[in-house]
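Here the structure is laid out as structure tokens; the discussion comes afterwards.
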Amino acid sequence: MIHVIEEAVGFIPARNTSLTPITVIGTEAIRDGFDGTCIAQALNSREAPGVSELVLNPDAHAGYGAPVGCVMVSPTHIYPGPVGVDIKCSMSLLQTDVHEDDIRDKTVRRALIEAICERTPTGAGKSQRSVAKGRVITEELGRKVCIEGASVEVCEALGIPPEWAERCEDSSHRGHDRTTEALANRLEVLFENNKFKERFPGKMRQLGTYGGGNHFGEAEIVDIVNTPEAKRAAEVFGLKQDHVAFLSHCGSRGLGHDLASNQFKVLEKMFDTWGTPYPADDKKLVYAPLGTQEANDYLDDMAIAANFATVNHMLINALVLEAFQEVLPGTEGHLVYFISHNIARHEKVRDKFQWVHRKGATRAFPAGHFALKETPFYETGHPILLPGNPRDGSMVMAALPGAEKSCYSVNHGAGRSMGRRAAFRNLDQKTVDADFEDYDILHNGRAYPRDEAPDAYKDFQEVLASVEKAGLAHGVARLKARFVIKDASKADD
DNA sequence: ATGTCC
């Protein structure tokens, strides 16, 4: 079914042969590993109205309507499902000046884990502990967070260095008409709903928290790839060889979840009212044609959730830095980058502006891309932050011109190889925990959640090899985990 | 992903 063009590039013909085929990135081992549901979802998504292009990345697996690990492009339609329920789920990396030798001692690492967990809790529904050291999130500030994202005023109110904004893929999102007013207006409409209004203060108190599932914080040792391009990029990114960097994965928490779920419901109702057929009979592929009220509302909700996710990440990084400073006084740190893998962006694809839905996919603009002109990364490409797993490491990459073939996108990590239920059934707790013991990686839980174990995910080296062989990006630095912060409430299930 | 079903 997958036709091979190069070692790690192939295609799947669309069911409707008048459509261009689905681009598939992945070596033979990766291609053989895609499950049937994932391929079916890719075919469904390809034939959905207004979709001009679909890319399946090596980390792809079955998702909500569209596969996690795909890129869906449309000049005319917006698709909430292929953005996902965790709007602007993202990665961020904080580089510290702490040397790896300074955290070799387990006692130091345990103290760091405690100091970080004290400020940035994990788990569903968790809010900030003691409102994270004096930070008070009033309703007014919460509104500003949603409307402005990481603006100077919001950053200053929350103790976030405002200069980190230039280290963001997008530090603030605007509404459907590219104004901030649209978001202010939309928020007023949302507040007319009593449930939203009641839940709003609680949602805002989740700023600076990780949540559950695959979200995590991880202390890493940086190992810069030994090539001239990698060294040059690492210097621009501000990476420090053999020093501790902190990698975070989280998104828009309960707010994004509520806004996304509500949009699915609203659009489904519209489809049913109008008798509009669902793409490939899948309700999860509901859409709104651009220019309609429904599309505008969705784009505004997406921007509000994205702004929240942005400030959430920035605050987590500020709190993590504070935690390091408490345990290791004098620690300095700066944000390397913050980049999403669950968002739709208006980008130039094949010479025209289109909505690029990245569902578990990371933007990959190479050096010289016009959109990077005003950023520090015009000469190198922006950092691409790819979590693998604690045992086998994570990776910082930078895009190559070849990324054009995947609509300037790469994967977002390793990708699941087994579902959560299968992981609980198939993986042995002792074996999972032994990995952490053997590799001397500490974590905050009593046991590591089996559904999040390294072996519940695909072979990260094979995924990375796919990206490199396809010519999409090159490695800049390897990240080696030293401790993990993660919701461990399901570890003993 | 998610006060894991309003």
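We name chains A, B, ... by the order of the sequence lines, and we start the count at 1 in each one. Hydrogens, waters and symmetry mates are skipped; everything else that's a heavy atom, side chains included, is used. Everything quoted here is computed from the prediction, not taken from an experiment.
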What side-chain donor-acceptor pairs closer than 3.5 Å can you find for residues 195-202 of chain A, not counting sequence neighbours?
residue, atom, partner, partner atom, Å
A:Arg199, NE, A:Asp258, OD2, 3.3
A:Arg199, NH2, A:Asp258, OD2, 3.2

Show me, pair by pair, the donor-acceptor contacts under 3.5 angstrom made by side chains of residues 303-310 of chain A, not counting sequence neighbours?
residue, atom, partner, partner atom, Å
A:Asn307, OD1, A:His173, N, 2.7
A:Asn307, ND2, A:Cys146, O, 2.9
A:Asn307, ND2, A:Ile147, O, 3.4
A:Asn307, ND2, A:His173, O, 3.1
A:Asn307, ND2, A:Ala303, O, 3.4
A:Thr310, OG1, A:Lys88, NZ, 2.7
A:Thr310, OG1, A:Ala306, O, 2.7

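We find that CZ of A:Phe196 is positioned 16 Å from P of B:dC6, with the value rounded to whole Å. Between A:Arg420 atom CZ and B:dT2 atom C1' the separation is 12 Å, expressed in whole Å. For the pair A:Arg199 CZ and B:dT4 P, the interatomic distance rounds to 8 Å; values are reported in whole Å. Between the C1' atom of B:dT4 and the CD atom of A:Glu452 lies a distance of 14 Å, rounded to the nearest Å. Rounding to whole angstrom units, NZ of residue A:Lys88 and P of B:dT2 are separated by 17 Å.
Side chains of A:Tyr64 and A:Gln41: no donor on one and acceptor on the other come within 3.5 Å.
Partners of A:His341 under the ring-ring contact (aromatic ring centres under 6.0 Å, His included) rule, at least two apart in sequence or in another chain, are A:His249, A:His412. Applying the ring-ring contact (aromatic ring centres under 6.0 Å, His included) test to A:Tyr278 and every residue at least two apart in sequence or in another chain returns A:Phe271.
Under the salt bridge (charged side-chain N to carboxylate O under 4.0 Å, His left out) criterion, no residue pair touches residues 54-73 of chain A, with sequence neighbours excluded.
Comparing A:Asp86 and A:Asp487 by the nucleotide of DNA chain B that holds the closest heavy atom to each, the one mapping nearer the 5' end is A:Asp86.
Less than 4.0 Å separates DNA chain B from at least one heavy atom of each of the following residues of residues 251-269 of chain A: A:Arg253, A:Gly254, A:His257, A:Asp258.
Nucleic acid contact for A:Gly211: sugar-phosphate only, since backbone atoms but no base atoms lie under 4.0 Å from a heavy atom of the residue.
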